[in-house]
Every structure is written in C-alpha cells, then in structure tokens.
Amino acid sequence: MPCTLIIGAVLCGLLNSDIETITTAMARGDTSSEELTQFYIDRAEAIDSGEQGLHCILAHNPNAIADASRLDAQRASGSVIGPLHGVPILIKDNIETRELPTTAGSLALVNNRTGRDATVVQRLRDAGAVILGKANLSEWANIRSPKSSSGWSAVGGLTRNPYNRDRSACGSSSGSGAAVAADLVTAAIGTETDGSVTCPAAMNGLVGLKPTVGLLPRTHIVPISHSQDTAGPMTRTVKDAAIMLTVMAGSDPLDAASASADLHKMDYTIALDSNALKNSRIGVLWFHTDWCSPEQLTAFEQQLEALRKAGAVLVDIREFPGMDTIYTDEMAVLLHELRSDMAAYLSSLPGEGHPRTLKDIIAFNRTHADREMPHFGQEFFEMAVSADAASESEYIEALARARAAAGPNGIDRLLAEHNLTALIAPTTGPAFEITLGEGDAFAGGSTTLPAVAGYPHLTVPAGMVDGLPVGLSFIGPAWSEAHLLALGYAFEQLKQWRITP
C-alpha cells in the first residue's frame with residue numbers, strides 16, 4: 001500500500017519503525033494505537049490477501065481495535081502499563097491466544113479454541129501489546145514430512161517472501177518473518193525447534209532470537225520436542241528483540257524447563273552496547289560455510305572485515321567432526337518426543353472433537369488428503385508412531401549423545417579451547433526458490449548446534465546476496481542472551497545492513 005494522504009503522513013512515516021519510535025509517536029499524540037492497528041489491518045488487506053498476496057496472516061484478532069482503543073484511553077489517563085503499550089504484535093499460530101483458534105496450520109485443529117493465552121502471550125499483553133492476530137506457519141512447524149515446503153499450511157496456504165514472491169520465506173515461522181519484513185506488524189513471535197525462528201528471520205532480513213531452552217516457558221504452545229522447543233522474538237532491530245525478550249522471559253510452574261529462568265532473566269536492553277565488539281574474542285565457524293555460494297562467501301568476508309574494524313578478535317575454527325552423528329541423533333530424539341509431547345498437548349485441549357494423539361492426526365490427514373496432503377505426505381508422523389517401547393533406551397542414549405556433542409563437547413569446548421565469548425557463522429543462504437511438493441531447496445545453515453544443545457542463537461541482518469537478505473549468527477553458551485544481543489547490536493550499528501523489501 002503506497003503512502004497517500006488517505007493513510008496519512010504520520011503513519012507513512014512510521015513504516016518500518018522500531019518499537020521505541022512507535023511508542024514515542026503515541027506518547028506525543030502524533031498517532032494512536034487504534035490508528036496504527038487499523039493501518040496494519042488495512043495494509044494486510046492490500047498486500048497480504050488475494051491471489052498475489054503474501055499470505056502471512058491467518059486471522060486478525062477481532063478484539064484488536066477495541067484493545068487498542070482501551071490502551072489509548074489508558075495512555076490518555078496517564079497510565080502506561082509497559083514498554084509495548086499499544087504496539088501491535090503478531091503471534092505464530094502454534095501459540096495459543098484466547099480470542100482465536102490455534103491450528104498449527106492444520107485443519108485437524110481448525111476449531112481449537114481453548115480460550116487460553118500461552119504464558120508468553122499473557123506477558124506480552126501485560127506489557128501493553130495489542131495482539132494483532134495469528135501468523136501462518138509451516139504446518140505442524142515443519143515436522144510432518146521431509147518433503148514439506150516451508151510456509152505452506154492447509155489452513156493458510158503458502159506464505160511468500162516479500163523480497164521475491166517466487167522465493168521461500170523459510171520456516172516454520174514463515175508468516176511471522178514475512179509479516180514483520182513487509183511491515184504488516186511491528187514485531188512477531190515465532191517458535192524454534194531447529195532453525196524455525198533463525199532461518200525465516202535471516203531470509204526475511206530480520207533479527208531473530210532463539211533463546212536458551214527454558215528462558216521462555218512453552219505453556220500452551222503446540223509442541224514438537226521438550227528438549228529443543230522455544231518461542232522467540234522476530235523483529236527489525238536488535239533492541240526490539242531485547243525489549244520483547246525482557247517482557248517474555250521468566251519461570252512458569254507449568255513448564256519444568258523454565259524453573260531456572262528467573263535466576264537468569266534481566267532487562268536485556270541494558271546490555272546493549274555499540275562498543276561490545278571491541279576486544280571480544282569470537283570464533284568463526286568456517287565448517288559452517290561449505291554450503292555457501294561464492295557470492296555469500298564474499299559477503300561473509302565483508303562481514304568479518306567489519307567486525308575486525310570494530311575491534312573484534314576473530315579466531316578461525318576450521319573443523320568440527322561429528323555433525324553427521326548429531327543430525328542423526330537429533331532426528332531420533334525429535335520423532336520420539338513428538339509422539340509423547342503431542343499427545344500430552346492434545347489431551348489438554350478443552351471441548352470435544354479434537355484429535356488426542358498423533359495417530360488421530362494421521363487418520364484425519366488420510367481422510368482429508370485432498371486438502372491436507374495435496375503436495376506432500378506425513379512420513380515423519382508415521383515414523384514417530386511406528387517406534388515401539390523398545391526404542392526408549394535408544395532415545396535416551398541418542399538424547400544424551402546429541403546434547404553432549406552439541407553442548408559440553410561442542411559449543412562449550414570451542415569457547416573454552418580458544419578463549420572465546422561467542423561464535424559466528426552465516427545463518428543460512430539467501431531465500432531459495434519455492435518448489436512446492438518437492439521439499440525445500442535448503443543449502444545449509446548453522447542452526448543445529450545451538451538447537452540441540454538448547455543454547456541461544458541470534459541472527460542479525462548482514463546485507464544482501466543476489467538481491468536477497470542474509471543473516472549473521474551469534475551463538476553462545478546457555479543463558480548468554482545478554483552478551484549475544486550486545487554483540488549483535490554493535491554489529492547492527494556498523495552500517496545499514498538491513499534493506500527493506
């Protein structure tokens with residue numbers, strides 16, 4: 001939607017703005033939350049829906065305008081309830097919100113109206129956010145089939161990349177990433193098991209943070225794996241990611257993995273430092289570049305040179321044996337946990353008529369194959385249910401082996417051996433062509449070590465390759481979000497890395 005007199009100069013001036021700019025404009029009375037929320041709804045109508053649309057948003061919150069109006073009235077009375085007061089936020093549709101169904105993109109859950117908020121959503125509301133609606137995603141967060149196409153769901157269709165509609169938005173937080181990139185919302189929440197925040201963030205020119213597993217509770221989020229699942233912010237700036245993380249972090253008695261979160265959470269905006277790169281010893285994971293094109297390697301060298309000029313001490317790490325074993329063990333763990341974790345979630349759903357096990361979902365998909373499986377099948381689901389009880393010991397061994405290899409013997413060892421505070425690598429390649437029904441033409445990425453270890457992973461926009469955005473990953477040990485955000489913020493300040501679509 002072009003900036004016109006109908007839209008208004010103030011709102012046009014807020015396109016691609018960060019949270020602080022938007023809240024400052026509301027505080028001055030230049031605009032209101034209601035105006036901004038309506039602007040985003042109208043903008044989505046213009047560029048997200050229809051045959052040529054991006055298909056980022058599954059559903060708008062029917063209460064969004066009323067919520068925004070209420071927050072405007074609170075501001076007018078002198079009450080600002082938090083750093084997101086009046087800011088529209090989009091929620092990936094595997095995260096429960098009380099007003100809308102939570103479908104995970106599947107027709108099997110199209111009537112899944114729980115009336116509940118996920119804990120992270122409630123914390124966003126408590127900080128003043130307007131829940132704009134639910135974002136499209138790769139159905140079941142990309143765990144249904146090895147031939148699935150990122151961004152496709154039976155409920156929402158195919159999300160497309162705003163930089164090039166023929167290119168993937170990556171997944172599984174495809175709608176969250178593409179919507180923020182196209183400025184259909186100020187910021188969004190995604191989820192990651194391995195790459196589902198960081199890949200779509202990188203391919204859509206965004207900041208994406210996968211936190212330490214447990215820093216954000218997973219309560220009322222459709223699961224894949226209790227070992228690796230986490231929600232995470234997707235924003236246009238590092239500071240916005242820090243604001244969002246600060247709001248959402250903390251323990252929840254309903255998620256045992258978050259028990260230690262209160263000991264580690266902080267105001268992450270305090271850590272942001274434009275000089276954080278100076279004298280920081282950072283390991284360069286060259287073993288995560290063998291999939292890079294010559295053009296991306298050139299861009300990566302330019303990123304490294306910028307880091308050096310900012311005072312970073314870069315240490316080359318050329319080899320890391322054992323990645324193939326980690327990949328194999330990870331898949332065994334994910335399929336085992338998918339079966340039990342999904343059953344636990346489905347059994348918690350109020351009301352009747354919902355699937356209660358993974359077998360129920362498989363049966364539903366077969367019955368509705370014309371709509372659910374027009375492009376790819378459900379091989380991963382079938383593999384998950386076919387494992388018998390004898391695989392329990394194999395699962396325990398695979399989990400221990402993978403976590404040790406990625407964490408203590410992986411990231412932690414590299415940091416200690418080279419006296420480093422963080423690791424960097426290209427996040428992934430530029431957005432690949434959409435090949436619906438043939439799987440993703442994924443070149444490679446640096447997401448698996450922090451995903452399997454349960455450690456934090458921050459991706460930051462790092463320029464363009466062949467006219468498409470790429471990201472630079474900052475990886476660290478458990479609970480090192482503040483340091484990674486500081487490094488990412490300092491890198492962000494070096495030049496205009498992010499180019500809007």
Subject >> Polar side chain donor-acceptor pair, Ser148 to Asn142, under 3.5 angstrom >> reply: yes

Worksheet entry | Distance-only donor-acceptor check, side chains Thr219 and Asp255, under 3.5 Å | no

- Item | Within-4.5 Å side-chain heavy-atom neighbours: Met26 and Val87 | yes

Practice problem: Answer yes or no: is there a side-chain heavy-atom contact under 4.5 Å between Ile143 and Thr193? | Solution: no

- Task: Taking only Lys NZ, Arg NE, NH1 and NH2, and the carboxylate oxygens of Asp or Glu, determine whether Glu382 and Lys359 approach each other closer than 4.0 Å.
- Result: no

Tested for side chain to side chain contact (heavy atoms under 4.5 Å, CB included) against Val121, the lone hit among Ile89, Ile95, Ile189 is Ile95

For the pair Glu96 and Arg113, evaluate salt bridge (charged side-chain N to carboxylate O under 4.0 Å, His left out) and give the outcome as yes or no after the intermediate values.
CA-CA 9 Å; Glu96 291 187 19; Arg113 293 179 175 270; over 6 Å; no

Next item on the list: Using a 4.5 Å cut-off on heavy atoms from C-beta on, say whether the side chain of Phe381 contacts that of Asn365.
Entry: yes

- Message: Between Glu192 and Gln228, is there a side-chain donor-acceptor contact under 3.5 Å, judged purely by atom types and distance?
- Response: no

Value for OG1 (Thr246) from CE (Met266), rounded to nearest 0.5 Å, stands at 7.5 Å

Exercise. When you check the side-chain N and O atoms of Glu139 and Ser153, is any donor under 3.5 Å from an acceptor?
Worked result: no

Note to self: Go through it in stages, so that I can follow the logic: the residues are Arg125 and Glu99, the test is salt bridge (charged side-chain N to carboxylate O under 4.0 Å, His left out), and I'd like the CA-CA distance, side-chain angles, deciding distance and then a yes or no.
What the structure shows: CA-CA 13 Å; Arg125 292 191 204 268; Glu99 306 95 339; 2.8 Å; yes

- Message: Looking at Arg218 and Asp229, is there a salt bridge between them, counting it only when a charged N and a carboxylate O are closer than 4.0 Å?
- Response: no

For this session: Evaluate the side-chain proximity of Asn136 to Val155: yes if any heavy-atom separation is below 4.5 Å, no if none is.
Result: no

Q) Taking the six-membered ring for Trp, are the ring centroids of Trp479 and Tyr455 within less than 6.0 Å of each other? A) no

**Study point:** Residue pair Arg116 / Ser348, side-chain heavy-atom distance below 4.5 Å
**Key:** yes

Going by atom types only, do Thr269 and Lys239 share a side-chain donor-acceptor pair under 3.5 Å?
no

- request: State, yes or no, whether a side-chain contact exists between Ile362 and Val385 at a heavy-atom distance under 4.5 Å.
  value: yes

Tested for side chain to side chain donor-acceptor pair (under 3.5 Å) against Ser473, the lone hit among Thr428, Thr198, Thr427 is Thr427

- Evaluate the side-chain proximity of Asn16 to Arg236: yes if any heavy-atom separation is below 4.5 Å, no if none is. yes

>> I'd like to know if the side chain of Ser172 pairs up with that of Ser138 as donor and acceptor (distance under 3.5 Å, no hydrogens or angles considered).
In response: no

N/O donor-acceptor pair under 3.5 Å between Arg75 side chain and Ile81 backbone = no

From the list Asn161, Asp440, Thr159, side chain to side chain donor-acceptor pair (under 3.5 Å) partner of Ser150 resolves to Asp440

Whether the Thr237 and Asp18 side chains hold a donor-acceptor pair (N or O, under 3.5 Å, no angle test) is what I'd like checked. no

- Message: Using the ring centroid of each side chain, check whether Trp140 and Phe380 are separated by less than 6.0 Å.
- Response: no

Taking atom types as modelled, find out whether Asp93 and Thr103 have a side-chain donor-acceptor pair closer than 3.5 angstrom. yes

- Item | Between Asn94 and Thr191, a side-chain donor and acceptor under 3.5 Å | yes

*asked:* Can you confirm whether Arg498 sits close enough to Leu206 that some side-chain heavy atom of one is under 4.5 Å from a side-chain heavy atom of the other?
replied: yes

